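In this text the structure is predicted, and so the values were computed from the model without any measurement.
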Protein chains: 4
Amino acid sequence: MPISRQTGAKRRRWERRKASRPEEIVAAALELFVERGFSATRLDEVARRAGVSKGTLYLYFESKEALFRAVLLNVALPILEQAEKRVADHEGSARELVQQLVLDWWGMIGETRISGIPKLMVAEASNFPELARFFVDNVVRRGRRIFTRVIERGIAAGEFRPCNARYAARVLMAPMVFAAIWQHSLSPFDADTYDVSDYLDLHLDVFVRGLSVARSD
Amino acid sequence: MPISRQTGAKRRRWERRKASRPEEIVAAALELFVERGFSATRLDEVARRAGVSKGTLYLYFESKEALFRAVLLNVALPILEQAEKRVADHEGSARELVQQLVLDWWGMIGETRISGIPKLMVAEASNFPELARFFVDNVVRRGRRIFTRVIERGIAAGEFRPCNARYAARVLMAPMVFAAIWQHSLSPFDADTYDVSDYLDLHLDVFVRGLSVARSD
Amino acid sequence: MPISRQTGAKRRRWERRKASRPEEIVAAALELFVERGFSATRLDEVARRAGVSKGTLYLYFESKEALFRAVLLNVALPILEQAEKRVADHEGSARELVQQLVLDWWGMIGETRISGIPKLMVAEASNFPELARFFVDNVVRRGRRIFTRVIERGIAAGEFRPCNARYAARVLMAPMVFAAIWQHSLSPFDADTYDVSDYLDLHLDVFVRGLSVARSD
Amino acid sequence: MPISRQTGAKRRRWERRKASRPEEIVAAALELFVERGFSATRLDEVARRAGVSKGTLYLYFESKEALFRAVLLNVALPILEQAEKRVADHEGSARELVQQLVLDWWGMIGETRISGIPKLMVAEASNFPELARFFVDNVVRRGRRIFTRVIERGIAAGEFRPCNARYAARVLMAPMVFAAIWQHSLSPFDADTYDVSDYLDLHLDVFVRGLSVARSD
DNA sequence: TATGAATGAGACTTCATTCAT
DNA sequence: AATGAATGAAGTCTCATTCAT
């Protein structure tokens with residue numbers, strides 16, 4: 001009876017197997033963990049949303065916590081790494097690069113379901129210390145390094161004023177990550193709607209100008 | 001890890017401590033809700049940390065959810081409003097004002113235990129929709145209005161470039177709020193330590209420069 | 001603040017002590033035990049209805065169960081015994097006596113708050129075996145003996161047909177006791193109202209005729 | 001004290017017993033509710049007596065109160081209605097009919113575990129007002145109507161003296177229902193044992209004689 | 001004597017996990 | 001491989017009882 005849950009028409013039998021079970025489960029779990037938090041999501045719901053029975057979850061994941069790990073390590077991390085790679089490959093002036101990085105990040109993460117990960121990690125960090133550490137080391141700091149390097153390059157090239165590039169990278173990233181978190185938490189309750197692209201554009205404009213060496217443009 | 005708990009000597013089993021009980025309970029609850037999230041904190045622990053028995057909680061709060069509301073509405077909100085008031089009273093140039101606002105906010109909220117509230121609300125918003133809406137309306141948007149007004153004033157005074165002040169306010173606030181969230185979530189797992197004051201100083205410097213009208217300094 | 005609970009006007013200070021505390025408590029307990037049953041009545045309510053604090057209950061009764069015993073032994077029993085005495089003193093023909101007994105019982109018990117006792121004992125018997133045994137021995141069987149004796153007298157006098165007087169006593173008493181139980185349980189939910197006096201009159205008429213020796217009247 | 005419990009050998013920890021579960025649970029609950037009252041019976045015990053775990057109860061009944069409703073509505077009511085039907089089908093003289101009705105009632109209800117229902121309802125009526133009303137409307141009054149009709153028929157046929165048939169029905173039923181209540185409450189503590197059949201025979205004899213038109217037999 | 005805040009055992013209920021089918 | 005009925009540990013909440021005041 002739980003065959004539903006497909007955007008379009010009724011699912012035909014053979015389609016059942018199209019997407020592999022573990023992926024469906026992980027996708028459902030990601031959505032729910034992001035929405036409600038780890039403790040508050042019941043495996044019952046994960047199973048229902050994935051279109052499987054509760055028992056089936058245990059064929060693929062040995063515990064709720066293991067499912068959480070799988071969501072982060074097997075799903076989020078690869079995507080993040082792939083995004084990181086593409087982001088790291090950009091070329092051009094530091095100014096352009098900074099803008100590219102942010103916009104690419106948003107395009108590849110912020111607008112996708114992966115954007116829930118930051119909220120999830122923020123919420124559950126202290127309940128899953130090892131995961132938190134792993135996430136920080138393998139995602140956060142690596143991302144930070146990319147942004148840091150670009151700013152350092154800009155400083156070296158005389159585009160940006162000399163400053164602490166690590167801190168500047170944080171300042172650059174914060175509004176971007178915050179937008180992702182906001183989107184998955186309080187945004188639905190906020191009567192002041194806003195357009196994230198415009199917001200990021202303004203942020204980039206202000207940031208680049210603010211960091212650039214004085215000019216009379 | 002919080003050492004406080006018992007003011008002085010060992011506690012007698014039967015003790016009547018007049019008016020302070022509810023506050024102690026709410027303080028303990030705030031800490032734990034922020035640390036672990038609402039679902040994952042056990043009332044047992046709240047009681048233990050507050051130095052009372054489990055039953056005592058129900059003398060003052062009719063349910064776990066009511067305790068959550070009390071934490072937000074009776075404790076966090078008044079502090080936030082008071083901070084808002086003080087913040088709104090500043091005078092001076094827009095540039096100075098922007099810096100004052102951010103630094104005051106950090107001094108009054110970011111460095112205190114109240115800074116856990118943003119993380120808490122972000123994590124629990126979808127589980128407590130009415131509270132989320134209330135929080136957004138009475139805290140977030142009000143704060144945003146203050147920052148927006150200052151930027152509008154700066155634009156009107158010719159200090160800042162014409163731009164969408166609402167968006168600029170968001171850009172200004174994001175790194176500040178993000179720092180608070182970070183502090184209560186992934187920061188402890190981050191090997192790259194940083195000094196928040198320096199970070200905010202850089203943010204302010206970049207932001208103010210970036211928003212100011214062109215100059216040749 | 002719990003001074004209220006008086007049928008008439010506001011209670012004046014000195015009245016406070018008019019009725020002794022234990023009696024007020026027992027009266028409140030009787031009402032609530034009858035209405036809700038022993039387990040389902042909270043001492044909180046007993047205290048409130050008696051106009052005292054919860055702690056005060058323990059000055060007079062060492063436990064909830066002890067209060068239950070007091071209700072039965074110290075309150076109900078004396079009244080029942082007194083009723084029994086008055087009932088036992090009647091004289092006249094057996095026929096008249098039978099009618100007197102029933103009507104007196106109703107006047108002294110059925111119409112008073114004591115009528116809740118049968119319902120209470122019926123409901124709680126198996127939870128309080130010793131009390132049940134005590135009640136049966138000291139109230140039920142004694143009452144039965146009185147009725148039995150009257151019927152035996154009637155048989156001896158030739159008024160009633162020879163029959164098992166003990167059983168006849170049960171048959172005679174059942175509608176009377178049942179009326180009391182009904183009054184405190186399902187009667188409030190019964191759309192078919194009835195007049196207990198008429199009911200008992202009919203019962204007595206039928207019973208006396210049915211037990212009398214054949215006649216041609 | 002009830003010995004039944006396990007049909008056969010020792011139970012394996014994991015056992016799937018198809019459709020019978022809910023009925024077993026309801027049967028156990030009926031016994032315990034009757035014996036101890038609703039509040040005083042622990043779900044622990046219900047589960048143990050039904051041979052299931054505590055959690056299993058919630059597979060079939062969403063709360064303790066729902067279980068109570070199921071006991072009454074799904075179990076007791078059908079049996080009562082079936083009994084009513086069979087009882088209503090009898091034919092013969094009013095005198096015979098009266099006797100048949102009472103004896104059939106006893107055979108189908110009084111001697112079975114269903115006889116606990118009257119005690120249970122009497123004890124819990126005020127705690128479950130809707131159920132009480134439902135029970136009175138659908139069981140008590142319907143039963144009363146059957147008995148009333150028979151007596152009216154007897155009056156019309158000249159067998160019984162003219163009288164208020166409704167009241168006579170109550171008088172007729174009271175000893176019968178009372179016997180059921182007694183059986184499940186104080187009877188075990190009553191040293192005066194008695195034979196219910198003989199008691200009912202005497203009741204019927206007295207009642208029918210008492211209600212019949214005068215004769216010289 | 002009287003209070004009522006405080007306690008903690010124990011109740012109802014949930015839900016991650018198991019396993020017969 | 002898949003199911004879902006069954007489990008029981010653990011959580012929230014109640015309330016009889018205690019005792020400092």
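Taking atom CD on Glu45(C) and atom C1' on dC15(F), their separation rounds to 12 Å, with Å as the unit. The CG-P distance, from Leu43(D) to dA10(F), rounds to 20 Å in whole Å. Counting to the nearest Å, the P atom of dA16(E) and the CZ atom of Arg48(A) are 12 Å from each other. Look at CD1 on Ile25(A): it is 15 Å from C1' on dT17(E), rounded to the nearest Å. Between the CG atom of Asp44(B) and the C1' atom of dG10(E) there is a distance of 14 Å, rounded to whole Å. In this structure, CD of Glu65(C) is placed 9 Å from P of dT17(F), rounded to the nearest angstrom. In this structure, the CG atom of Leu67(B) is 15 Å from the C1' atom of dG11(F), given to the nearest Å. Nucleotide dT18(F) holds its C1' atom 18 Å from the CZ atom of Phe61(C), rounded to whole Å.
Each of Leu57(A) and Thr56(B) lies near DNA chain F, and the nucleotide nearest Leu57(A) is the one positioned closer to the 5' end. Mapped onto DNA chain F by nearest heavy atom, Leu59(D) and Phe38(C) fall at different nucleotides, with Leu59(D) at the one closer to the 5' end. If you find the closest nucleotide of DNA chain E to Gly55(C) and to Ser63(D), the one lying nearer the 5' end belongs to Gly55(C). Taking the nucleotide of DNA chain E with the nearest heavy atom to each of Glu62(A) and Ala40(A), the more 5' of the two is matched to Ala40(A).
Under a 3.5 Å cut-off, the side chain of Ser185(D) and the backbone N or O of Ala123(C) do not form any donor-acceptor pair. With Thr41(B) contributing its side chain and Phe33(B) its backbone, the two residues share no donor-acceptor pair below 3.5 Å. Although no hydrogens or angles enter the test, the distance criterion places a donor-acceptor pair under 3.5 Å between the side chain of Lys119(B) and the main chain of Val34(B). At least one donor-acceptor pair closer than 3.5 Å links the side chain of Lys64(D) to the backbone N or O of Phe38(D).
The side-chain heavy atoms of Val75(A) and Ile117(A), taken from C-beta on, include no pair separated by under 4.5 Å.
For the OP1/OP2 pair of dT14(F) and a distance below 4.0 Å, the side-chain nitrogens and oxygens of Tyr58(B) include no atom meeting the criterion. When the side-chain nitrogen and oxygen atoms of Ser53(D) are compared with OP1 and OP2 of dA6(F), none of them lie within a distance under 4.0 Å. Arg21(A) has a side-chain polar atom (N or O) that falls below the 4.0 Å cut-off from OP1 or OP2 of dA2(F).
Across all strands shown, dA9(E) pairs with dT14(F); the Watson-Crick or G-U wobble distances both stay below 3.5 Å. dA20(E) and dT3(F) make up a base pair, with Watson-Crick or G-U wobble contacts both under 3.5 Å.
Salt bridge status for Glu45(A) with Arg36(A): present, with a side-chain N to carboxylate O gap under 4.0 Å.
Residue Tyr60(C) is in sugar-phosphate contact alone, with no base atom involved, counting any heavy-atom pair closer than 4.0 Å across all strands shown. Counting any heavy atom pair closer than 4.0 Å across all strands shown, Thr41(C) reaches sugar-phosphate atoms only and no base atom.
Side-chain N/O atoms of Lys64(D) and base N/O atoms of dT13(E) include no donor-acceptor pair closer than 3.5 Å. A donor-acceptor contact under 3.5 Å is not formed by the side chain of Lys54(A) with the base of dT3(F).
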